K.L.:
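Got a structure for you, questions after.
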Amino acid sequence: MDEKFLKPYDPEATEGRLYTAWEESGLFNPDTCIAEGITKPDAEPFSIVLPPPNVTGRLHMGHALMLAIEDAVVRYQRMQGKRTLWLPGTDHAAIATQSVVEKKIKKEEDKSRHDLGRAELLKRIEAYATESHDTILKQLKTMGASLDWSREAFTLDETRNRAVRAVFKKMYDAGLIYRGNRIVNWDPKGQTTISDDEIVYEERDATLYTFRYSSDFPIAVATTRPETKVGDVAVAVHPDDARYTAFVGREYDAVFCDVPIHIKIVADKEVDPAFGTGAVGLTPAHSHIDWEIADRHLLSHEVIIINEFAKMTVPGRLSGMKTTDARDAVVAWLREEGLLEKEEAVKQNISTAERTGGIVEPLPKLQWFVEVDRPVPGRDKTLKELLLESVRSGAITILPEHFEKTYFHWIENLRDWCISRQIWYGHRIPVWYRGEEITVGEAPSGEGWVQDEDTLDTWFSSGIWTFSTLGWPEDTKDLQTYHPTNLLETGYDILFFWIARMILMTEFTLGTVPFKTVYLHGLVRDAQGRKMSKSLGNNMDPLDVTAKFGADAARMALIVGNTPGTDMRMSEDKIKGYKHFANKLWNIARFVLENAENAGIASEWKEENRDKTWASAPERADFPFSTSERPYLDQCDALITEVTRDIEEYRLYLAAEKIYHYIWHELADKILEESKPILLGEDGVARAARARLLLILLDRSVRLLHPFMPFVTEEIFQSLPTRDAPFLMVAHWPAILEG
RNA sequence: GCAUCCUUAGCUCAGUUGGUAGAGCAACUCAUUUACACUGAGAAGGUCGCAGGUUCGAGUCCUGCAGGAUGCACCA
């Protein structure tokens, strides 16, 4: 028996060494598996593309959970003999990365991006991204992720750049990308547009002011933003509101706080007669809903009164004021004029930008959009309909299932997607202008062309991730083999950001779904159920955890009892329990191997297996068992059947728990204990038979457990006489054996 | 406002199609040169949020209510 079993299992001394051995074998790459005769060339493919971590820092426990789940599935499928590809990569995460680096520069050098200039800022961001990328890779490897590094991708590398330009052109040519002057969410702090999904609502106290535009104006209106009223062009009332029907269609002029305004009374069913006075002052340029109502009544969008810096652009006393100051000034003026009729305290949800915390100002801007309600050429359906259909038809299954409802609900509220951003880090919009001329896709030759200054929303490149990583727009062998991917596994918090957009982009570009199954995991919370965050100081660093307890223990703790879509609580105690489990298994191996040697079984088995290949596992019929041993084999068979089905149906939390329970409380507590008298007995035949049984049960146990605890199982497998492959990682999954 | 989820042992959570309530942790009793103290054996602990309904039978299906969480929208 190997001397290593005489000491307790030491993950720290084992895990790094094994990962290097796996990596050097090249067997993370399915092509190598085929070349070495481990996988059949025509085996069924199985693929997962890693959700690319942002190069904004380091991985957290949520990433560790993602890796634990994906690696378990990938290792299982690989052991099933499939051509298994798990493709790694990282995400440039445009706005997130740029704002991290900008903050850093501001803090350390007190400089803004404009002080540095576009080229210098990009250089700084790239340096930061590289450093962050290296840290992330180290973390991925520490967790034991069996990723094929030969195919590593980055959302902003040359291959992905080309794919982004090609998709943009294809969508533009299809008439689904347009440039338009539309009201967008403008973040004055970050100086960029943001998408609807990047808005975070915060509840604040506000005052609802009721007033008239002038003393002879017939209707009072209510607002929490009096400063915007200098931009009003109309007052809308409900068509059935008897108080106001007489005024509908009339127009009035007034001078409001030094600004001349022209107001038309319109009737629109969107207006809630019960709110405020039942009459809404419409400010089309600075409110989404007003813009839409104005559209219906052919009112002007042109009255712009707030600029990109959230300052007033009107003449008179408000000129140049910040909106917040202007609010006070308008209220003061209303009081002076005796126009203010009522003030009441209300709770208000205010829109803030997720990244900068800036208060979002709706502004009309010339931006690029993806249109979701226009039929896709050749498909006879809109992007929105394709989004619904791909899930409704069952082509994509979302786990847990109830998230499908959430998904549908989101799509029903989906508006055109603003894809241009006024930041510098990211994919520059592939559009060139020369006077009235425009070129889309690739840079044109000739003088005088100027490229669009803006960059694309980072989710535009993330949306094509499943196929850009496989070499599209080239029709590569990888693309043919591994797309659509089998599984997309990620946190439920990016269902809309990412998953929906991948479906949209893939349906448009390839006319297929990007993946067949979506597995959504929950948040990893601390032991008290709080979110992990820097400010609370309750973050767990996966590197610290693995250093202390081993990656196997961390992975197992993340998987057992953690159902998809549900948040989980994590604590060091939980992880410690699975470190103990690794040691338990280690000692089972020690006991079994010791007795196999004593009974003279080990060498006999090695003889038997010398010429075995991947495809021929040790079979029950090969070895003599007494009838008293059959029930143990049947019990193990039942476990294999259940665990296999659980993994196939993505019930990893059950599979892992069942294996754990079997190994500790059946194999160790019962079977080993019951075997002691036989192994110490006089009957040599019985002793040998029992030693063989234990060896088979151990062999099967490490195979079953390998997807969840890859290191300790591999380390034991390397010392097993039943070893029939260079690594457990590429050994066969235990099958139910006849006989 | 619209939608979704949750409520099961002291704690954290399972419970796949309806068929005698489960695990881990904690706590309790006992054992102790044992493959393993990173241990073993044992016992204890639950009107499955509340009220109805369907059924031979409901933790599971339906309706209502209460409490908690989340997402989306709106906030003129």
Side-chain angles (χ1 to χ4, degrees), chain A residues 1 5-10 196-197 199 201 203-204 206 208-210 221-226 228-229 232 235-237 268 270-272 275-283 286-290 293 346-351 400-415 492-493 495-496 522-523 525 527-529 549-550 553 557 560-563 565-571 573-574 576-595 642 645-646 649-651 653-654 657-658 660-661 664-665 668-670 672-673 675-676 679 694:
Chain A
M1 188 185 59
F5 287 107
L6 299 177
K7 288 185 286 182
Y9 176 63
D10 179 1
D196 292 346
D197 304 296
I199 291 176
Y201 292 98
E203 192 180 87
R204 297 203 185 162
L208 184 68
Y209 301 95
T210 303
V221 295
T223 183
T224 54
R225 295 197 63 187
T228 63
K229 299 293 103 182
D232 282 10
V235 166
V237 297
D268 195 285
E270 191 102 16
V271 179
D272 175 4
F275 188 92
T277 61
V280 190
L282 293 184
T283 324
H286 300 286
S287 154
H288 284 102
I289 184 87
D290 292 3
I293 297 175
V346 292
K347 293 278 181 200
Q348 185 185 33
N349 278 337
I350 186 159
S351 314
E401 205 179 337
H402 69 79
F403 270 100
E404 294 187 355
K405 289 178 194 161
T406 313
Y407 172 84
F408 293 137
H409 189 248
W410 178 81
I411 291 169
E412 280 153 21
N413 290 312
L414 186 63
R415 291 187 291 192
Y492 63 74
D493 48 331
L495 177 62
F496 310 133
L523 261 51
R525 296 170 176 275
Q528 282 84 51
F549 304 107
V560 173
N562 183 13
T563 45
T566 311
D567 294 353
M568 73 175 312
R569 297 182 185 208
M570 184 47 66
S571 65
D573 278 350
K574 191 169 180 188
K576 194 160 82 185
Y578 292 105
K579 185 186 179 184
H580 295 178
F581 177 55
N583 193 57
K584 185 76 184 181
L585 180 61
W586 188 250
N587 279 291
I588 293 169
R590 172 181 172 178
F591 180 87
V592 170
L593 290 173
E594 207 165 31
N595 282 291
E642 279 189 47
R645 201 177 60 223
D646 286 337
E649 292 167 17
Y650 295 111
R651 290 189 298 266
Y653 57 100
L654 274 187
E657 191 182 339
K658 283 175 185 168
Y660 170 89
H661 196 263
W664 199 314
H665 300 299
D669 290 350
K670 297 205 177 87
L672 255 53
E673 292 303 324
S675 298
K676 281 177 183 174
L679 293 166
L694 295 182

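Just so we're clear, the structure is a prediction, and the values are computed from it rather than from any experiment. All chains are named by letter (A, B, ...) in the order of the sequence lines, taking the proteins before the strands, and each is independently numbered beginning at 1.
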K.L.:
The side chain of A/Asn587 lies closest to which of these nucleotides: B/U4, B/G40, B/A35?
P.N.:
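For the A/Asn587 side chain, the nearest candidate turns out to be B/A35.
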K.L.:
Is the shortest side-chain N/O distance from A/Thr563 to OP1 or OP2 of B/A14 below 4.0 Å?
P.N.:
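Result: yes.
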K.L.:
Please tabulate, one pair per line, each protein N/O and nucleotide N/O from nucleotides 69-72 of chain B that are separated by under 3.5 Å, including the distance.
P.N.:
from	atom 1	to	atom 2	distance (Å)
B/C72	O2'	A/Asn413	ND2	3.3

K.L.:
Is the shortest side-chain N/O distance from A/Arg569 to OP1 or OP2 of B/C13 below 4.0 Å?
P.N.:
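For A/Arg569, the contact criterion (side-chain N or O under 4.0 Å from OP1 or OP2 of B/C13) is met.
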K.L.:
So, does A/Trp664 get its side chain near the phosphate of B/U39, meaning an N or O under 4.0 Å from OP1 or OP2?
P.N.:
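It does not, given that no N or O in the side chain of A/Trp664 lies less than 4.0 Å from OP1 or OP2 of B/U39.
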K.L.:
Side chain of A/Asp646: nearest nucleotide among B/A76, B/A35, B/U16?
P.N.:
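Nucleotide nearest to A/Asp646's side chain: B/U16.
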K.L.:
Produce the list of close N/O pairs, under 3.5 Å, pairing protein atoms with atoms of nucleotides 20-24 of chain B; give distances to one decimal.
P.N.:
from	atom 1	to	atom 2	distance (Å)
B/A23	O2'	A/Glu657	OE2	3.2
B/G24	OP1	A/His665	NE2	3.3

K.L.:
Mind checking ring pair (Phe, Tyr, Trp, His ring centres under 6.0 Å) for A/Phe5 and listing every partner two or more places apart, or none if nothing turns up?
P.N.:
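Testing A/Phe5 for ring pair (Phe, Tyr, Trp, His ring centres under 6.0 Å), a comparison that skips the adjacent residues, returns A/Trp586.
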K.L.:
One character per nucleotide, please: for nucleotides 58-63 of chain B, 5' to 3', B when the base has a protein heavy atom closer than 4.0 Å, S when only the sugar-phosphate does, - otherwise.
P.N.:
------
K.L.:
Would you indicate which nucleotide in B/C75, B/A76, B/U16 comes nearest to any side-chain atom of A/Leu654?
P.N.:
B/U16
K.L.:
With Watson-Crick and G-U wobble geometry limited to distances under 3.5 Å, how should the secondary structure of RNA chain B be encoded in dot-bracket form, using | for bases paired to another strand and [ ] for crossing pairs?
P.N.:
(((((((..((((.....[..))))..((((.......))))......(((((..]....))))))))))))....
K.L.:
Verify the contact: side-chain N or O of A/Gln528 to OP1 or OP2 of B/C11, cut-off strictly under 4.0 Å; return yes or no.
P.N.:
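No, outside the criterion.
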K.L.:
Base of B/U16, side chain of A/Arg651 - is there a donor-acceptor contact under 3.5 Å?
P.N.:
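Donor-acceptor pair under 3.5 Å: yes.
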K.L.:
Can you name the ring pair (Phe, Tyr, Trp, His ring centres under 6.0 Å) partners of A/Tyr660, sequence neighbours left out?
P.N.:
A/Tyr578, A/Phe581, A/Trp664
K.L.:
Would you tell me if any nitrogen or oxygen in the side chain of A/Lys584 comes within less than 4.0 Å of OP1 or OP2 on B/U39?
P.N.:
no
K.L.:
For the side chain of A/Thr224, starting at C-beta, report the closest nucleotide among B/A35, B/C36, B/C75.
P.N.:
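Within the option list, the nearest is B/C75.
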K.L.:
Side chain of A/His402, heavy atoms from C-beta onward: which of B/A76, B/U4, B/A35 has the nearest atom to it?
P.N.:
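Side chain of A/His402 sits closest to B/U4.
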K.L.:
Can you figure out which of B/A41, B/C36, B/A14 approaches the side chain of A/Tyr653 most closely?
P.N.:
B/A14
